[in-house]
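Quick caveat, the model's predicted, so the values are computed rather than measured.
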Amino acid sequence: MTELGRKQLLIGGEWRDAEGATTMPVVNPATEEVVAEVASASPGDVDAAVAAARAAMDGAWGQMSGRDRGRLLWKLGERMLERIDEISRLETLHNGKPIRESRHVEVPMAIECLQYFAGWADKLEGETIPVGARAHVYTRREPLGVVAAIVPWNFPLLLAMWKVAPALAAGNAVILKPASQTPLTALALGEAAIEVGFPPGTLNVVTGSGSTAGQAIVEHPGISKVAFTGDTSTGKGIMRTAAETLKQVTLELGGKSPNIVFADADLEAAVRGATVGIFYGKGEVCAAGSRLFVDRAVKDEFLDKLAARSKKMVAGDPMDPTTRLGAIASKSQLERVLDYVQVAKSQGATLLAGGERTDIGTGKGYFMQPTVFADVTPEMTIAREEIFGPVLATLEFGDVDDAIARANDSIYGLAAGIWTRDIAKAHYVASKLQAGTVWINTYNVYDVSVPFGGYKQSGFGREMGRLALDGYTQNKSVWVDLS
Ligand code: NAD
């Protein structure tokens with residue numbers, strides 16, 4: 001028996017096995033042990049979840065006032081807060097991230113997200129439109145219906161909440177499919193939703209593989225929208241499949257975000273920002289500042305400081321509250337990242353720090369040293385492809401326009417950072433960068449009230465903030481003849 005035993009699907013307010021009692025293992029990447037067996041949903045299970053969600057829309061949930069939906073969302077946040085230690089531990093257990101990140105950053109942010117959107121539930125107003133004396137026209141903001149949220153393994157609960165909270169606030173019923181590697185906190189969210197009294201079928205949690213459960217969701221004609229975060233190639237496939245039923249799609253995809261250090265920056269702060277930008281969350285962060293552009297004038301000094309700081313970061317037991325660098329989320333991801341290190345070396349990049357698998361004295365776990373490469377040129381693979389691990393590619397630039405051109409030379413456009421003391425330059429560069437988020441003299445900061453999402457092949461649609469609600473409502477214009 002595993003530590004957490006067997007976990008079932010949440011469909012229509014009830015826990016049930018997948019068809020055929022099929023399961024999949026959940027591995028703790030820090031110990032390589034199987035910690036749970038989780039139901040692996042079939043297309044038939046997805047059908048059942050869609051039917052349950054539809055029934056919720058046609059029943060108690062669909063009738064509920066916005067204010068009452070908001071109350072339930074708020075209560076769900078309170079319940080999650082009561083369980084925050086347990087849920088944070090689960091997040092670290094299946095993902096390998098340091099417990100300090102789960103407990104003090106990501107799970108609290110997920111709870112804030114619920115409570116922020118709780119406040120919006122009774123404020124989704126339409127408008128009246130003055131078309132003349134002979135008609136009265138008003139608009140209604142209505143839910144889309146059954147909405148699916150498909151999320152990856154890097155921020156399992158938080159990225160689920162960015163979708164589930166606005167979707168529920170707007171009155172949709174939700175089917176949440178977590179990544180197969182990290183289903184535990186989505187299941188805890190489902191449990192808490194039942195505990196606080198969400199009507200059956202309002203939030204269904206369907207665990208399973210992307211190729212079976214995920215694919216069945218995207219194909220399903222009873223689902224109105226898929227909100228997806230994950231790999232760019234998966235996102236393209238989802239968009240193609242969704243076209244068959246003309247589902248709405250929002251996509252939060254990969255990134256290769258530039259972090260630009262000008263010579264006039266506070267270099268100590270920029271070194272800290274560059275390391276947080278790439279090593280927070282082990283670099284498994286869609287917005288990671290994985291392309292660092294350093295002004296030629298300060299390059300040598302900056303890279304010395306950066307390498308020294310990176311070498312001081314040591315991987316540790318993710319459950320230890322002092323650990324700042326945890327385990328890579330899976331064996332296959334570790335292998336992928338190490339392959340990129342080899343490719344970088346073979347293409348002539350200079351290794352300044354790290355580059356190796358490491359261990360924490362247990363001989364187990366998928367740990368990796370924080371890795372920094374110098375002398376990277378724009379055409380090298382590590383300057384172009386998303387690695388999704390603790391590997392930083394550093395490049396140089398000459399003047400402001402050169403920095404902008406190099407930063408924008410990517411298929412991606414999720415985020416960017418700028419380090420300078422010159423206010424005019426900072427805002428000028430921010431206006432020119434092709435990215436959905438630009439951080440000036442900071443990096444990797446988020447707030448639930450601030451929209452987040454991509455330009456270019458980093459996707460479309462915005463999560464968080466008021467804008468997120470647009471992705472979960474549709475407008476109805478009503479004409480009344482007054483003649
Ligand atoms: P992935 O695309 O392999 O998987 C993401 C989710 O999609 C999982 O739940 C998976 O089971 C499911 N899935 C896979 N194939 C599917 C299919 N054919 N149909 C439906 N669902 C399917 O991505 P991943 O490896 O889990 O996550 C890492 C990627 O996510 C990185 O590329 C990263 O940049 C990106 N990411 C982006 C953001 C963002 O906000 N833009 C945030 C986090 C991660």
Is [X] atom [atom1] crowded by more than 12 heavy atoms from other residues, nucleotides or ligands, each under 6.0 Å away?
X      : atom1 : answer
Tyr455 : OH    : no
Lys456 : NZ    : yes
Lys123 : NZ    : yes
Met239 : CE    : no
Arg336 : CZ    : yes

Could you tell me whether a side-chain N or O of [X] sits under 3.5 Å from a main-chain N or O of [Y], the two making a donor and an acceptor?
X      : Y      : value
Lys247 : His220 : yes
Asp231 : Leu253 : no
Lys177 : Gly208 : yes
Asn172 : Ala167 : yes
Asp68  : Ser65  : no
Asn204 : Gly12  : yes
Arg291 : Pro378 : no
Glu386 : Gly255 : yes
Thr275 : Val271 : yes
Arg141 : Glu125 : no

Pair [X] + [Y], salt bridge at N-O below 4.0 Å:
X      : Y      : result
Lys97  : Glu106 : yes
Arg462 : Asp470 : no
Arg89  : Glu86  : no
Asp264 : Lys425 : yes
Glu385 : Lys256 : no

Closest non-hydrogen atom pair between Val218 and Thr245, with its separation: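 Between these two residues, the closest heavy atoms are O-OG1, 4.2 Å.
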So, using side chain to side chain contact (heavy atoms under 4.5 Å, CB included) as the criterion, who are the partners of His427 when residues are at least two apart?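 So His427 forms a side chain to side chain contact (heavy atoms under 4.5 Å, CB included) with Ile423, Ile440.
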Applying side chain to side chain contact (heavy atoms under 4.5 Å, CB included), name anything that partners Glu219, two or more places apart in sequence or on another chain.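 Here the qualifying residues are Gln215, Thr241.
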Evaluate the ring planes of Trp439 and Tyr443, with Trp represented by its six-membered ring, and classify them as parallel (under 30°), tilted (30 to 60°) or perpendicular (over 60°).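 Plane angle between 30° and 60°, so tilted.
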Once the angle between the rings of Tyr446 and Trp162 is folded into 0 to 90°, is it parallel (under 30°), tilted (30 to 60°) or perpendicular (over 60°)?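 Answer is tilted, since the angle falls between 30° and 60°.
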Distance from Ile217 atom CD1 to Asp45 atom CG, nearest 0.5 Å?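 Output value for this atom pair is 10.5 Å.
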Return the CG to CD1 distance between Leu395 and Ile382, rounded to the nearest 0.5 Å.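 Separation between the atoms: 8.0 Å.
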Test of ring centre spacing under 6.0 Å for Phe397 and Phe262: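 Ring centroids of Phe397 and Phe262 are less than 6.0 Å from each other.
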Using the salt bridge (charged side-chain N to carboxylate O under 4.0 Å, His left out) definition, which of the options Glu91, Glu78, Glu191 pairs with Arg83?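 Result: among Glu91, Glu78, Glu191, Glu191 is the only option passing the salt bridge (charged side-chain N to carboxylate O under 4.0 Å, His left out) with Arg83.
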Is the positively charged end of Lys225 above the ring of Tyr472, judged by distance under 6.0 angstrom from the centroid and angle within 45° of the axis?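 Output yes; distance and angle both within limits.
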